[in-house]
Amino acid sequence: MENIDRIRSRLSEGLVIPACPLALTQRRTLDERRQRGLFRYYLAAGAGGLAVGVHTTQFAIHDPKVGLLRPVLELAAEEVRKGQRADYRIAVAGICGATAQAVSEAALLRDLGFDAGLLSLAALRSAPEAELIAHCRAVAEIIPIMGFYLQPAAGGRVLPHSFWRRFAEIENVVAIKIAPFNRYQTIDVVRALTEAGREDIALYTGNDDNIVMDLLTPFRFRVQEGVLERRIVGGLLGHWAVWTRRATELLAECSRIAGSGESIPVDLVRRSIEATDANAAIFDAANGYAGCIPGIHEILRRQGLLEGIWCLDPKETLSPGQSEEIDRICRAYPHLNDDDFVSKHRDKWLTD
């Protein structure tokens, strides 16, 4: 893992890392042209990397019967390598399953040139803490890992402060994605990392319901060395799989304010609420996130980047009233979209 210092340095800068959707044809087969187009869109929009094989890509692709994990990973790795000509982009992929499967997937990512694995613990939902830590250590021996606090509504489990304190002692952890959609549990992770003294582990928000305030908040804790402060520096987000150009601008502004010590402008507090309201519609919060992935697809379909909103599961589609909610937030917050940017470059992304 000779590249790990470079990976740590890049992640510590604070990046926009979209959790990439899966582009399918109407027959629910991989649409390679549009999948490449999505990856090119994200990189052209200023994303610092890509995350594939994650919840937004549909965890079902990890099933060997589906047969899509390697093809999607290969496309992502190829497009990220092309993007390296301009800047170093981080390639992240989800790792799922019990230890044998997770270790096998980690080896695949390493062989394809990925920088890190985002480690889901959903398959070990009832495992004791010691087993979880042993699982994480086994995967980290193969590839640098990003911890992943996935909310239970999306298949995750509650992970206490004690787990994160022990997780922070694993040498090859490079970042943690915090996505429980819960303030108490978010604080657990940041406090554990602060107590461990691991300044080389970057914190990324996955709390799509609280993006702006996560990026602006100073987390301060009293530890043995005194009062220490940590910040969430970037985001690995399904929400940032849409309107990504605006996400890069938002992160830049939040990073500037956080680094300057200035008071948070009221305008950013307002934008925090706008982003959360938009997320509620796109992620289908009213229906327990049932239409989360189709909601992301619908925005991309309206922009012409996807042909349809098809998911691997035919039953996974927009909830009743969700399309109307998306209409509402598009009318209410036109400044959040990047439609002009997409329409200008879309044909190039889809044909090169």
Side-chain angles (χ1 to χ4, degrees), residues 18-39 41-42 50-63 66 68-69 72 75-76 94 96 120 122 150-156 179 181 206-209 211 235-244 246-247 275-333 336-339 342 346 350:
C20 301
L22 179 66
L24 295 176
T25 68
Q26 191 170 6
R27 294 183 298 163
R28 292 183 167 80
T29 59
L30 179 63
D31 188 334
E32 181 175 330
R33 180 174 71 92
R34 290 186 181 274
Q35 191 70 64
R36 286 187 184 276
L38 280 181
F39 295 152
Y41 159 51
Y42 297 135
L50 301 176
V52 294
V54 294
H55 175 251
T56 309
T57 327
Q58 302 175 56
F59 282 138
I61 72 168
H62 290 263
D63 185 341
V66 174
L68 287 180
L69 183 60
V72 174
L75 290 179
C96 296
S120 169
L150 176 65
Q151 62 161 317
F181 287 37
N207 289 321
D208 303 77
D209 65 336
I211 298 168
L236 195 165
L237 294 154
H239 186 82
W240 283 355
V242 301
W243 302 336
T244 310
R246 297 292 172 258
T276 300
D277 188 24
N279 181 263
I282 297 168
F283 272 37
D284 192 28
N287 295 288
Y289 309 103
C292 170
I293 294 172
I296 293 170
H297 289 184
E298 175 62 10
I299 296 291
L300 296 170
R301 184 197 66 79
R302 294 182 184 200
Q303 291 184 310
L305 289 164
L306 289 182
E307 183 181 359
I309 66 169
W310 308 295
C311 293
L312 290 170
D313 182 352
K315 297 179 182 177
E316 193 168 0
T317 190
L318 295 175
S319 293
Q322 188 179 359
S323 180
E324 290 77 9
E325 273 295 281
I326 292 174
D327 290 341
R328 178 185 66 81
I329 59 104
C330 287
R331 289 192 303 269
Y333 313 124
L336 295 183
N337 75 56
D338 61 358
D339 292 353
V342 172
R346 179 184 57 236
L350 293 173

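Of the possible donor and acceptor atoms, none in the side chain of Asn337 sits under 3.5 Å from a partner among the backbone N and O of Trp243. When atom types are taken as modelled, the side chain of Asp284 and the backbone of Tyr289 share no donor-acceptor pair closer than 3.5 angstrom. When atom types are taken as modelled, the side chain of Arg302 and the backbone of His297 share no donor-acceptor pair closer than 3.5 angstrom. Under the 3.5 Å distance criterion, the side-chain polar atoms of Gln26 are left unmatched by any main-chain donor or acceptor of Gly308. Although no hydrogens or angles enter the test, the distance criterion places no donor-acceptor pair under 3.5 Å between the side chain of Ser120 and the main chain of Cys96. Proximity of a side-chain donor or acceptor of Gln35 to a complementary backbone N or O of Ala23 within less than 3.5 Å is detected. Judged purely by atom type and a 3.5 angstrom limit, Glu307 has no side-chain atom pairing as donor or acceptor with the backbone of Thr25.
In this structure, SG in Cys20 is found 13.5 Å from CH2 in Trp240, a value given to the nearest 0.5 Å. To the nearest 0.5 Å, the span separating CD1 on Ile211 from NE2 on His239 amounts to 4.5 Å. Separation of atoms CG (Leu318) and SG (Cys292) is listed at 11.0 Å; rounding is to 0.5 Å. Between atom CD of residue Gln58 and atom SG of residue Cys311 there is a gap of 4.5 Å, rounded to the nearest 0.5 Å. Atoms CD1 and CZ, on Ile326 and Arg301 in that order, are 9.5 Å from each other to the nearest 0.5 Å.
Side chains of Val72 and Leu75 form no contact here, defined as non-hydrogen atoms less than 4.5 Å apart. Under the 4.5 Å side-chain criterion, counting only non-hydrogen atoms from C-beta, Pro21 is in contact with Leu300. Using a 4.5 Å heavy-atom threshold, the side chains of Ile299 and Ile282 count as touching. Looking only at side-chain heavy atoms (C-beta outward), Gln303 and Asp338 come within less than 4.5 Å of each other. Considering only heavy atoms from C-beta on, Leu305 comes within 4.5 Å of Arg346 through its side chain. Between Asp277 and Asn279 there is no side-chain heavy-atom pair separated by less than 4.5 Å. The side-chain heavy atoms of Phe39 and Val52, taken from C-beta on, include a pair separated by under 4.5 Å. Side-chain atoms of Thr244 and Pro18, non-hydrogen and from C-beta on, do get closer than 4.5 Å to each other.
Closest non-hydrogen pair, Ala60 versus Leu312, comes out as CB-CD1, 3.9 Å. When all heavy atoms of Tyr42 and Ala241 are compared, the pair lying nearest together is OH-O, 2.8 Å. Minimum interatomic distance between Ala19 and Leu236 (heavy atoms only, all atoms of both residues): CB-CD2, 4.2 Å. Thr56 and Ile293 get closest at one heavy-atom pair: O-CG2, 4.0 Å. Summarising the geometry of Leu350 relative to Arg33, their closest heavy-atom pair is O-CG, 3.1 Å, with the distance given to 0.1 Å. Summarising the geometry of Leu24 relative to Trp310, their closest heavy-atom pair is O-CE3, 3.3 Å, with the distance given to 0.1 Å.
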- Worked check of side-chain contact (heavy atoms from CB on, under 4.5 Å) between Leu22 and Leu30: CA-CA 8 Å; Leu22 179 66; Leu30 179 63; 4.0 Å; yes

- Query: Do Val342 and Asp339 pass the side-chain contact (heavy atoms from CB on, under 4.5 Å) test, and can you show the C-alpha distance, the side-chain angles, and the key distance before you say yes or no?
  - Reply: CA-CA 5 Å; Val342 172; Asp339 292 353; 5.7 Å; no

- Task: Show the numbers, then the answer: is there a side-chain contact (heavy atoms from CB on, under 4.5 Å) between Asp208 and Thr276?
- Result: CA-CA 7 Å; Asp208 303 77; Thr276 300; over 6 Å; no

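Arg28 has no carboxylate O lying under 4.0 Å from a charged side-chain N of Asp313, or vice versa, which leaves the two without a salt bridge. Using a cut-off of 4.0 Å between Lys/Arg side-chain N and Asp/Glu carboxylate O, Asp31 and Arg36 are scored as not salt-bridged.
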